[in-house]
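Each chain gets a letter, A, B and so on, in the order the sequences are listed, and its residues count up from 1.
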Number of protein chains: 2
Amino acid sequence: MTSRTSLAAKAPEERRRRILAAAVEVLKEKGFAGARIADIAAMAGTSPALVVYHFKTLDGALAEALGSVEDDFYTDLAQALPPKAGAVERLRVIGELGCDTGPAVGNWSLWMEVWVRALRDGQARALRRALDARWRQTLRECIDAGVAEGSFRCADAQATAVRLAALMDGLAVQVALRDPEVPEDRMTDLWLESAAAELDIPLRQLIKTKRRPPAKRP
Amino acid sequence: MTSRTSLAAKAPEERRRRILAAAVEVLKEKGFAGARIADIAAMAGTSPALVVYHFKTLDGALAEALGSVEDDFYTDLAQALPPKAGAVERLRVIGELGCDTGPAVGNWSLWMEVWVRALRDGQARALRRALDARWRQTLRECIDAGVAEGSFRCADAQATAVRLAALMDGLAVQVALRDPEVPEDRMTDLWLESAAAELDIPLRQLIKTKRRPPAKRP
DNA sequence: CCCCACGCTGAACGATGAATCAGGATTCGT
DNA sequence: ACGAATCCTGATTCATCGTTCAGCGTGGGG
């Protein structure tokens, strides 16, 4: 049993990961409703039967795919936030990170899919809850730090964190749906302006760095 | 041809409306992905074939159902907003109206469904765009009125309208997903607090009326 | 060297559900 | 009253997938 994991036996595991990645991709492209086993197989360059072989069922594959995205989220979050930085700087990073400039644009569509699925599916609901709690806590810690160091003024840190997180969700919807009123490149500023108002800090401190280089993803 | 609309001929039309209402109900319960012709028929108390007879196809039925919800939205909006009222009062009404206290709680799930569908379907995207534009404009007019009468102070009315609308969407997601951090009855206050901050008005003016009578829908 | 567990596949199965169809009933114009 | 159009229905057709299955190759352990 242990022999399999020895040398060239990485191939099967590798294949499995490929399928998982393909599942994530399909999920982003077609959503939960439109994702077919055949799509995943095609995207991974294998046969539909193999997908079922590795993950017992389609729902299983999608669920595990979602889990991998969750892991990525935590990883990205941990490595993107400079632990040694002023609260204002941290807030700016949080803003940019959340406003799709960080990971991929298509990620927000995926979250929206998760929301809708969470309306009926308990597992999806739990996933989203965990993700959101983590995100809110990040925000919350940043706010507390800012208040402690005197950069922010805020009556109710928790309520502010909830509102700023919700605002980000709401703005993301507009961006994902390509609302002309909320072009992708304005989202960050829009959010930071609200943050500035909520936290009673002058905007100039947040927007100091202007536009950043082109895109990150093809 | 005109004769059909004369007297007792209302029955067919009535039946059709019933099916439409049933479609809306099913859409709220199961979402786009889960809505079956059989469900709609059962909910309306007729046969699946009749659904197809009136609306050529399932998608057609769902689309028309969505249209009827759109109409309801406009109607509700028009009749709920007192044209003769101060901007502050109007803002409060808007907050309560948008925060699901007005129509039905389940409506927000429906909007979320529409968002996700709009990711891929042009018609849904157009619908949402129209709805959202209308809502934002309502907000915008209220803000402008408030600024004109000196109740509000606001640097960029349009950006503020966009943000407040987005915040409402975001909060609605939390409520629809029953996030413990955003209980249904806190949503309105949460939103009004942000509005107060954005528009530079003392909270007291907005929250004067405390809790309102129970629910409106079963 | 053999064999067997694992990885993998194409083909077949079965369920689900949208849409069609061939009529029955009802209503309406004349 | 008598067609004819409109409504309506049960049964059927047809396509789409998820899942199962029987078997093929292969590489590592006895």
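For A:Asp59, the salt bridge (Lys or Arg N to Asp or Glu O under 4.0 Å) test picks out A:Arg117, with sequence neighbours left out. Partners of B:Glu141 by side-chain hydrogen bond (donor to acceptor under 3.5 Å, both in side chains), not counting sequence neighbours, listed by chain and number: B:Gln137. In this structure, the salt bridge (Lys or Arg N to Asp or Glu O under 4.0 Å) partners of B:Asp39, at least two apart in sequence or on a different chain, are B:Lys30. Partners of B:Arg90 according to the side-chain hydrogen bond (donor to acceptor under 3.5 Å, both in side chains) rule, which considers only residues two or more places apart in sequence or in another chain, do not exist here. Every residue meeting the side-chain hydrogen bond (donor to acceptor under 3.5 Å, both in side chains) condition with A:Arg120, not counting sequence neighbours, appears here in chain and number order: B:Glu113.
Considering only side-chain atoms of B:His54, the nucleotide from D:dT19, D:dC8, C:dG7 that sits closest is D:dC8.
Remark: A:Arg92 engages A:Glu96 in a salt bridge, criterion side-chain N to carboxylate O under 4.0 Å.
Residue pairs meeting the side chain to side chain donor-acceptor pair (under 3.5 Å) criterion with at least one member in residues 164-178 of chain A, sequence neighbours excluded: A:Asp169-B:Gln174, A:Gln174-B:Arg128, A:Gln174-B:Arg136, A:Gln174-B:Asp169. Sorted by first and then second residue, the salt bridge (charged side-chain N to carboxylate O under 4.0 Å, His left out) pairs with a member in residues 62-71 of chain B read B:Arg16-B:Glu64; sequence neighbours excluded.
C:dC8 atom P lies 7 Å from atom CD1 of A:Ile19, rounded to whole Å. Between B:Leu50 atom CG and D:dA11 atom P there is a gap of 16 Å when expressed in whole angstrom units. Rounded to whole Å, the distance from CZ on A:Phe55 to P on C:dG7 is 13 Å. Rounded to a whole Å, the CD atom of A:Glu13 is 13 Å from the P atom of C:dC6. Rounded to a whole Å, the CZ atom of B:Arg15 is 9 Å from the C1' atom of D:dC7.
Between C:dG7 and A:Tyr53, a contact under 4.0 Å exists linking OP1 or OP2 to a side-chain N or O.
Near DNA chain D, meaning a heavy atom under 4.0 Å away, there are no residues from residues 57-69 of chain B. A heavy atom lying under 4.0 Å from DNA chain C marks the following residues of residues 35-49 of chain B, by number: B:Ala35, B:Arg36, B:Ile37.
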